[in-house]
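Each chain gets a letter, A, B and so on, in the order its sequence line appears, and its residues count up from 1.
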Amino acid sequence: MAEISLTFPDGNSRSYPQGVTPAAVAESISKSLSKKAISATVDGAHWDLQWPIEGDASIAINTMQDEDAALELIRHDLAHVMARAVQAIWPQTKVTIGPVTEYGWFYDFDRAEPFTPEDLGQIEAKMKEIIAARDPVRTEIWDRDRARQHYADAGEPFKVELVDRIPEGAPIRMYWHGDWQDLCRGPHLQHTGQLPADAFKLMGVSGAYWFGDVNRPMLQRVSGVAFRNRDDLKKYLNFLEEAAKRDHRRLGREMDLFHMQEEAPGQVFWHPNGWTVYTTLQDYMRRQQRRGGYVEVNTPQVVDRKLWVASGHWEKYQENMFIVEVDEEHAREKAVNALKPMNCPCHVQIYNQGMKSYRDLPLRMAEFGSCNRYEPSGALHGIMRVRGFTQDDAHIFCTEAQIESETARFIEFLSRIYSDLGFPEFEVLFSTRPEVRAGSDETWDKAEAALLSATRAAGIEPRVNPGEGAFYGPKLEFTLTDAIGRKWQCGTHQVDFVLPERLDAEYVGADGAKHRPVMLHRACLGSFERFIGILIEEHAGKLPFWLAPRQVVVASITSEADDYVAEVVSALAEAGVRAEADMRNEKINYKVREHSVGKVPVILAVGHREVEERTVTVRRLGEQRTEVTALDQIVAALAAEATPPDLR
RNA sequence: GCCGGUGUAGCUCAGCUGGUAGAGCACGUCAUUCGUAAUGAUGGGGUCGGGGGUUCGAGUCCCUUCACCGGCACCA
């Protein structure tokens with residue numbers, strides 16, 4: 001029999017018969033390794049212990065110490081164990097797919113009855129039984145007809161479809177966990193007893209379309225999380241609790257920033273505190289835009305259908321628009337208007353007033369554009385995904401030759417803003433031409449090259465997202481990562497060849513002839529609503545001092561200090577600090593607690609001593625420590641801190 | 001939009017198998033003037049998300065509708 005040579009991680013090689021399995025290799029090394037082994041890595045591929053190795057290769061035997069392999073196997077085997085448990089309890093359930101996710105797995109089932117949250121406990125108990133049974137896992141490769149027939153006989157139509165979808169030439173692997181069988185690409189553990197029975201948890205039930213397609217049946221997804229040990233699971237559950245505490249919907253209420261109500265779903269009622277954050281951020285953006293060479297405009301909310309037809313929105317975006325019909329007395333038919341879902345068509349109207357020359361370009365037109373989109377009800381989420389919002393929007397009208405320099409300029413503009421707002425790091429995604437598109441290949445070549453080279457010139461290598469560009473042009477998307485690792489796409493920069501054409505924008509070139517400008521759609525924050533939501537969650541409500549809605553509370557310890565409290569508050573207000581007095585007849589403990597819960601960054605406590613010495617006792621949010629400081633000193637210090645980053 | 005869940009006082013939540021709504025916090029009043037995360041007493045506050053039905057009787061059961069939550073789909 002032919003021999004092959006396997007090279008171990010330490011560099012040593014040994015020869016084995018061709019077709020040897022990693023299980024046998026582990027066995028040949030030591031009894032204990034063969035027990036502990038969970039899988040192998042063969043030439044970089046994750047390899048089942050039962051799969052034969054047919055040629056010379058590098059090999060490493062994985063154990064639970066190898067985190068990546070261990071987590072993948074634990075989660076993947078748990079998916080199978082769960083599906084088995086579900087079919088054991090409800091035999092009529094049809095199985096579909098059960099992949100590994102970031103922290104666990106899910107399995108989609110087809111069953112007439114819905115799973116209830118109470119069912120989860122039962123499923124979990126059954127899973128633990130299966131783990132305790134230490135059932136062996138085995139695998140075979142079948143041919144397509146046999147696999148298809150097997151699933152057809154078993155009444156598993158989804159599996160039949162999966163068999164059909166496996167590409168020609170790829171092995172069709174059948175797996176057994178004990179006597180329970182599933183189609184699976186593997187790899188899997190040796191036996192169910194290798195699963196940690198105390199390190200997983202079922203998290204919930206939800207709906208999911210088969211293959212993500214709205215037109216296909218809706219399945220029931222049961223999902224879980226799993227780790228290598230109980231501590232890791234606990235850590236993860238803790239993390240979820242922490243994330244829940246940062247939830248902007250909860251903090252929005254606790255900090256009295258905004259509320260939402262049934263009568264205006266997906267729209268924000270900004271309270272004084274929240275509106276302070278909003279306007280502070282907007283003031284900052286307005287200064288940045290002026291500095292960045294933009295002109296600011298403002299355009300109508302309710303616009304006649306004619307414009308949306310011309311721009312193409314009526315055809316492509318209508319179901320997302322709020323339509324407003326107006327019955328006018330002498331008109332033949334109702335006037336049909338729509339609330340603007342985007343600002344671009346209106347900006348072109350301003351551009352089109354008067355003849356533009358190439359000397360006017362690039363023309364950077366910004367608007368804090370208030371838009372309304374009829375988002376599907378299921379998409380709404382706090383102030384992050386809403387139906388009424390304001391974008392920090394701008395359109396740059398320029399020539400094709402200016403795309404590159406304007407892109408570079410925008411990336412610089414956005415970098416500074418993100419850095420000021422506490423996000424020095426961001427990722428860039430570059431979406432290239434889709435199948436269906438407007439504009440010539442030559443134009444696309446130029447635009448894509450311009451975006452790419454401008455991004456690279458900024459020292460950023462974008463991740464390419466092939467074919468995901470808009471039909472009207474390629475785009476860059478800018479994504480922030482927050483303090484707990486979640487990603488938020490905020491900024492965007494899109495080239496548009498189509499809208500200037502549709503809305504007939506033109507300029508007179510140096511040659512005296514008329515030309516089409518290119519439009520660049522761009523935003524940094526995206527929408528104020530969403531960005532403020534991100535800021536709240538990023539900082540867990542403890543916003544940077546300059547953005548904090550209530551910056552300072554001056555709290556009296558005894559009512560004899562009231563006059564001095566008022567004096568301190570007005571000194572701070574005079575210096576541009578948002579300060580308020582708390583002269584209520586309450587103990588200082590009570591006041592400190594209340595304002596700490598309200599995330600006020602600085603509490604100044606004053607009693608007899610402070611009145612006499614003209615000082616204040618400073619307590620910063622989250623610190624136990626207090627510090628006595630002279631009044632004029634703290635006023636100057638807080639005034640400096642309250643200054644927005646761009647004015648320092 | 002789809003699947004599932006939830007909706008009781010401003011907030012967080014209790015209210016068993018139907019018998020006519022309750023706590024803590026918040027708010028008002030009074031007392032207390034207090035040194036860094038809840039002082040005490042006392043008072044007011046709910047057509048139980050909306051509509052319809054079953055029933056002698058509905059917060060509780062049924063239907064319907066709206067909103068929210070978790071996913072899926074969507075985010076040209």
From the set B:C34, B:U33, B:U36, return the single nucleotide nearest to any side-chain atom of A:Ala605. B:U36
C1' atoms of B:C11 and B:A38, separation to the nearest Å: 16 Å
Whole Å only: how far is the CZ atom of A:Arg593 from the P atom of B:U36? 16 Å
Let's see if you can work this out: which of B:U36, B:A37, B:G1 has an atom nearest to the side-chain heavy atoms of A:Ile588? B:U36
Considering only atom C1', compute the distance from B:G44 to B:U29 and round it to an integer number of Å. 10 Å
Within this structure, what is the CD1-to-P distance between A:Ile383 and B:C68, rounded to whole angstrom? 14 Å
Which listed nucleotide (B:G71, B:C34, B:C74) is nearest to the side chain of A:Arg385? B:C74
Taking the side chain of A:Arg253 as its heavy atoms from C-beta onward, which of B:G5, B:C11, B:G71 lies nearest to it? B:C11
Is there a donor in the side chain of A:His259 and an acceptor in the side chain of A:Gln261, or the other way round, less than 3.5 Å apart? yes
Nearest-neighbour nucleotide for the A:Arg584 side chain, B:C3, B:G5, B:C27 considered: B:C27
Under 4.0 angstrom, heavy atoms only, what part of the nucleic acid is A:Gly607 near: base, sugar-phosphate, or nothing? base
Is the distance from OP1 or OP2 of B:A37 to the nearest side-chain N or O of A:Gln624 less than 4.0 Å? yes
Tell me what A:Ser223 touches on the nucleic acid: a base, only sugar-phosphate, or nothing, going by heavy atoms under 4.0 Å. nothing
Using a 4.0 Å heavy-atom cut-off, does A:Ala470 contact any base of the nucleic acid, only the sugar-phosphate backbone, or nothing at all? nothing
Taking the basic N atoms (NZ, or NE/NH1/NH2) and the acidic carboxylate oxygens, is any pair closer than 4.0 Å for A:Glu241 and A:Arg246? no
Out of B:G35, B:A37, B:U12, which nucleotide sits closest to the side chain of A:His608? B:G35
Hey, does the side chain of A:Thr101 reach the backbone of A:Gly104 with a donor-acceptor pair shorter than 3.5 angstrom? yes
Once you apply a heavy-atom cut-off of 4.0 Å, does A:Tyr317 come out as touching a base, just sugar-phosphate, or nothing? base
Considering Watson-Crick and G-U wobble pairs with both distances under 3.5 Å, what does B:A23 pair with? B:U12
Check the phosphate of B:G1 against A:Ser377, side-chain N and O only, distance under 4.0 Å to OP1 or OP2. Yes or no? yes
From the list B:U33, B:U39, B:C75, which nucleotide is the closest neighbour of the side chain of A:Glu560? B:U33
A:Glu613 side chain to A:Glu610 main-chain N or O, any donor-acceptor pair under 3.5 Å? no
The side chain of A:Glu262 is closest to which nucleotide in this list: B:G1, B:G7, B:A37? B:G7
Checking A:Arg502 side chain against A:Ala310 main chain: does a donor-acceptor pair fall under 3.5 Å? yes
Would you say A:His381 places a side-chain N or O within less than 4.0 Å of OP1 or OP2 belonging to B:G70? yes
Can you check the distance between B:A26 and B:C62, where both ends of the measurement are the P atom (answer in whole Å)? 38 Å
For B:A38, give its Watson-Crick or G-U wobble partner with both distances under 3.5 Å, or none. none
Within the structure, does a side-chain N or O atom of A:Arg249 lie under 4.0 Å from either OP1 or OP2 of B:C69? yes
Short side-chain N/O contact from A:Tyr590 to OP1 or OP2 of B:A26, under 4.0 Å: yes
Students often get this wrong, so: under 4.0 angstrom with heavy atoms, is A:Arg609 touching a base, only sugar-phosphate, or nothing? base
Among B:G71, B:A73, B:G35, which is the nearest nucleotide to the side chain of A:Pro376? B:A73
So, are A:Glu161 and A:Arg165 salt-bridged, with charged N and O less than 4.0 Å apart? yes
May I ask you to verify if any side-chain N or O of A:Arg221 is less than 4.0 angstrom from the OP1 or OP2 atom of B:G70? no
Look through every strand shown and name the nucleotide pairing with B:G59 as Watson-Crick or G-U wobble, where both distances are under 3.5 Å. none
Check the phosphate of B:A37 against A:Arg619, side-chain N and O only, distance under 4.0 Å to OP1 or OP2. Yes or no? yes
Separation of B:C3 atom P from A:Phe115 atom CZ, nearest Å, is 17 Å
Side-chain donor/acceptor contact of A:Tyr209 with base of B:G71 under 3.5 Å: no
Just checking A:Pro114: base, sugar-phosphate only, or nothing, at a heavy-atom cut-off of under 4.0 Å? sugar-phosphate
Nearest to the A:Glu610 side chain among B:C72, B:G35, B:U33, which nucleotide is it? B:G35
Over all strands shown, is A:Phe106 touching base, sugar-phosphate only, or nothing at heavy-atom distances under 4.0 angstrom? nothing
Are A:Phe528 and A:Tyr278 an aromatic pair, judged by ring center distance below 6.0 Å? yes
